[in-house]
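All figures in this text were calculated on a predicted structure; none of them were measured in a lab.
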Amino acid sequence: LKEALLSSPAKAHQMAAMKVCVSLLLCAAWCATPGRAMEASPIAKIIQMISDLQAKILAEGAQSQKVYEEFAEYCEHRSKDLQYEIKTGKDEKGELEATIAKEDAKSGALGEKIDELAGAIATDEGDLKKATEIREREFADFSAEEKELMEVIDMIKRAIGILEREMAKSGAAMLQLKNAGSVVQALNVLVHASALSAQDGAKLTALIQNSRQEDDDGEPGAPEAATYEGHSGGIIDTLENLLEAADGQLSDARKKETSSKNNFEMLKQSLEDEIANANKDMDDAKKSLSASGEAKATAQGDLTVTSKALATDTATLDDLHKDCLTKAQDFEAETKSRTEELKALAEAKKILKETTGGAEAQTYGLNQESFFQITSRSGLAQFEAVRLVRDLARKENSRALAQLASRLEMTVRTSSAQGSDPFAKVKGLISDMIARLEEAADADATEKAYCDKEMAETKAKKDDKTAEIQKLTTKIDQMTARSAQLKEEVAALQKALADLMNAQAEMDKLRATESEAYKKNKAELEQGLEGVKLALKVLSDYYDSDAAHKAAEGSGSSIIGLLEVAESDLEKELAGTIATEEMAAADYDKETKENAIDKAAKEQDVKYKTKEASGLDAAIAEATTDREGVQAELDPVLKYLATLEDRCIAKAETYEDRKAKRVAEIAGLKEALSILEGQSVFLQRKVRHAKGSRLQ
């Protein structure tokens, strides 16, 4: 009954007021017995006590309202803060995951670049080492050849000087030299005359013999030594020819050495530049790789911290919602109970003031009771019981109670007229009505229990499915946004790749054009250089071959000098063209490698982002299917819930109203029954006392 009263505030405060009123009347009646008369009326004191209690309840309500408002404000602010932190945490988590994926792709591309650079450096260093070894061997060969030719030239010059001195003298040595049949014999004469050392004589003899053998191999039908010597102008002319040949060999060797040295220096410079650039690129790549690894590690650490903080904030927000909801429900129940209590007290106070004025004067204004008073009190109890049932029927708008009140009134009148005891019949009628009302209440309670159970379970299922759908919807929206972002990034990367390929194609075309021009220019320069060298050799051989050509030696020397200048200019131009081509080729190779690395990095980004977007699309499709499945489960739950609401809620009079009405009716009838029972006992006791007094 208590729970039913709390569930229906309007009926509860009426019954509470009625109970308070009856209880206070009984207390007042008890206090009004002989020997208990007091200066102040107990009813007045009771009204004062009700007023004090009302003031206390209002003060407690104001304090409770203040505390609840502060707590509600805290809940609102804390919830907003947590929601903002959760949103920020989700954004940071997505950015960190994207950063980790980006750094992974970047590290892979940098690793490939470092491997390629290491291979290129190793190749260039190997080429430089081989070129250096070849250059060292060439220089050693040139040094030995130069030394040997310089010794030969010096030896020939000394031999010519000795011959000229000896031929200027007269004597046996001069006679022997003139009678010598060949250069070799002349040299032997000089050796025997101690004018020339045996070692120098042997070397000159070997040189002359080698020269003669080469002439024989190159010119078939050459004359014998004696004949050759006779036509050549003698031994000195032969040695001078040898000297000229040695000078020519030395000059050619030095030119060849200079050309080899220049080519080596250019090759060395080119290789060293490539190695230096590759080492610089490798250092930069290693630094970038290290920085990428640090960035990835930092992002992973931040992701761990952010994920933990996000989970903590989410759990805290859930707990906060539960705590705030519980507090709100408690406050609502407390406020509702306090309001009902105040209404009950006000009703009781009103009833006391309106109905107890005459009773208070009669009760507390007399010091004795007579048999007439006892008889009047019995009629008053019957009247009070009938009035209580009639008022209850009017308040509850109950036709059954109105009919019961009429029957009670008829029974009291009939019994009074017949002189019989009316209490038994009245109590019987009231007890029968109470039994019928309790049976109806039990039936409604069973239906209410069924409705409460089914409604609670169905609402729980609905809330669970709705929350799951909202969660899946949020997840789908997030994945859709991320997939769209990835697809935009992939499109941008593909455009960048297309631009890169176009730029590379243009660069390839330009390089091909430059290479073709270089080949043409190099061929022309080499052809011109060979022509200048050939012309220089022809003129040099002509003017150096015979003394008869000395007449034009001045003009010939000028031409030869200009040819040498032209030869030097052409060699420089050729060397510059080669160096320019090598630099252009090196720049092209470097740019091509960088483009290849950039292309590989972008292709890896496209690959990973496309894969991630495809995974997200698959996850979106799966989540959409899951959401449709949950929605399919939710639809019958909503349909069943609507059926339950039509059965249990959507009625003109709810179960709570019916229950409160029955509870009020039963409580009122029991109250009337208790009044009748108490007054019946009191009447019997007073009647016996009165009869005993008359007998005495």
Report task. Could you walk me through whether Met479 and Lys475 pass the side chain to side chain contact (heavy atoms under 4.5 Å, CB included) test, one step at a time? Result -> CA-CA 6 Å; Met479 291 190 295; Lys475 184 178 180 181; 3.8 Å; yes

Requested in this report: Just do the salt bridge (Lys or Arg N to Asp or Glu O under 4.0 Å) check on Lys461 and Glu633 with the steps written out, would you?
Outcome: CA-CA 9 Å; Lys461 290 181 181 179; Glu633 296 176 359; over 6 Å; no

**Report entry** Steps toward salt bridge (Lys or Arg N to Asp or Glu O under 4.0 Å) verdict (Arg338, Glu334)
**Finding:** CA-CA 6 Å; Arg338 189 180 296 110; Glu334 180 183 348; 2.4 Å; yes

Query raised in the report: Does the pair Lys639 and Asp635 meet the rule for a salt bridge (Lys or Arg N to Asp or Glu O under 4.0 Å), with working shown?
Result: CA-CA 6 Å; Lys639 184 176 181 181; Asp635 290 340; over 6 Å; no

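A donor-acceptor contact shorter than 3.5 Å links the side chain of Thr306 to the backbone of Asp302. Ser292 contributes a side-chain N or O that, together with a main-chain N or O of Glu103, makes up a donor-acceptor pair within less than 3.5 Å.
With contacts defined as side-chain heavy-atom distances shorter than 4.5 Å, the pair Thr304/Gln300 does not qualify. No side-chain heavy atom of Leu325 sits less than 4.5 Å from a side-chain heavy atom of His321.
Taking all atoms of both residues into account, the shortest heavy-atom contact from Cys324 to Phe71 is CA-CE2, 3.9 Å. When all heavy atoms are compared, the tightest approach of Lys93 to Leu303 is CG-CD1, 3.6 Å. For the residue pair Leu641 and Lys459, the shortest heavy atom distance occurs at CD1-CG, 4.1 Å. Between Tyr68 and Lys327, the shortest heavy-atom contact is CE1-O, 4.3 Å. When all heavy atoms of Leu486 and Ala613 are compared, the closest pair comes out as CD1-N, 3.8 Å. When every heavy atom of Ile100 is checked against every heavy atom of Ala299, the shortest pair comes out as CG1-CB, 3.7 Å.
For Ser51, the side chain to side chain donor-acceptor pair (under 3.5 Å) criterion is met by Lys349, not counting sequence neighbours.
In this structure, Thr624 OG1 and Gln631 CD are separated by 12.5 Å, a value rounded to the nearest 0.5 Å. We find the OG-CD distance between Ser337 and Glu332 to be 12.5 Å, quoted to the nearest 0.5 Å. For the atom pair OG of Ser483 and CD of Glu488, the computed distance is 10.0 Å after rounding to the nearest 0.5 Å. The structure places SG of Cys451 at 11.5 Å from NZ of Lys453, a figure rounded to the nearest 0.5 Å. Here the CG atom belonging to Asp463 is positioned 9.5 Å from the CD atom belonging to Gln470, to the nearest 0.5 angstrom. To the nearest 0.5 Å, atom CG of residue Asp313 and atom CG of residue Leu320 are 11.5 Å apart.
The environment of NZ in Lys90 is sparse: at most 12 heavy-atom neighbours from other residues, nucleotides or ligands sit within 6.0 Å.
For the pair Lys487 and Asp617, the salt-bridge criterion is met [side-chain N within less than 4.0 Å of a carboxylate O]. Checked for salt-bridge contact, Glu76 and Lys80 meet the test: a charged N lies under 4.0 Å from a carboxylate O. We find that Asp605 and Lys102 are not joined by a salt bridge, their nearest charged nitrogen and carboxylate oxygen being 4.0 Å or further apart. Between Arg627 and Glu468, none of the side-chain N atoms (NZ, or NE/NH1/NH2) sits under 4.0 Å from a carboxylate O, so this pair counts as no salt bridge.
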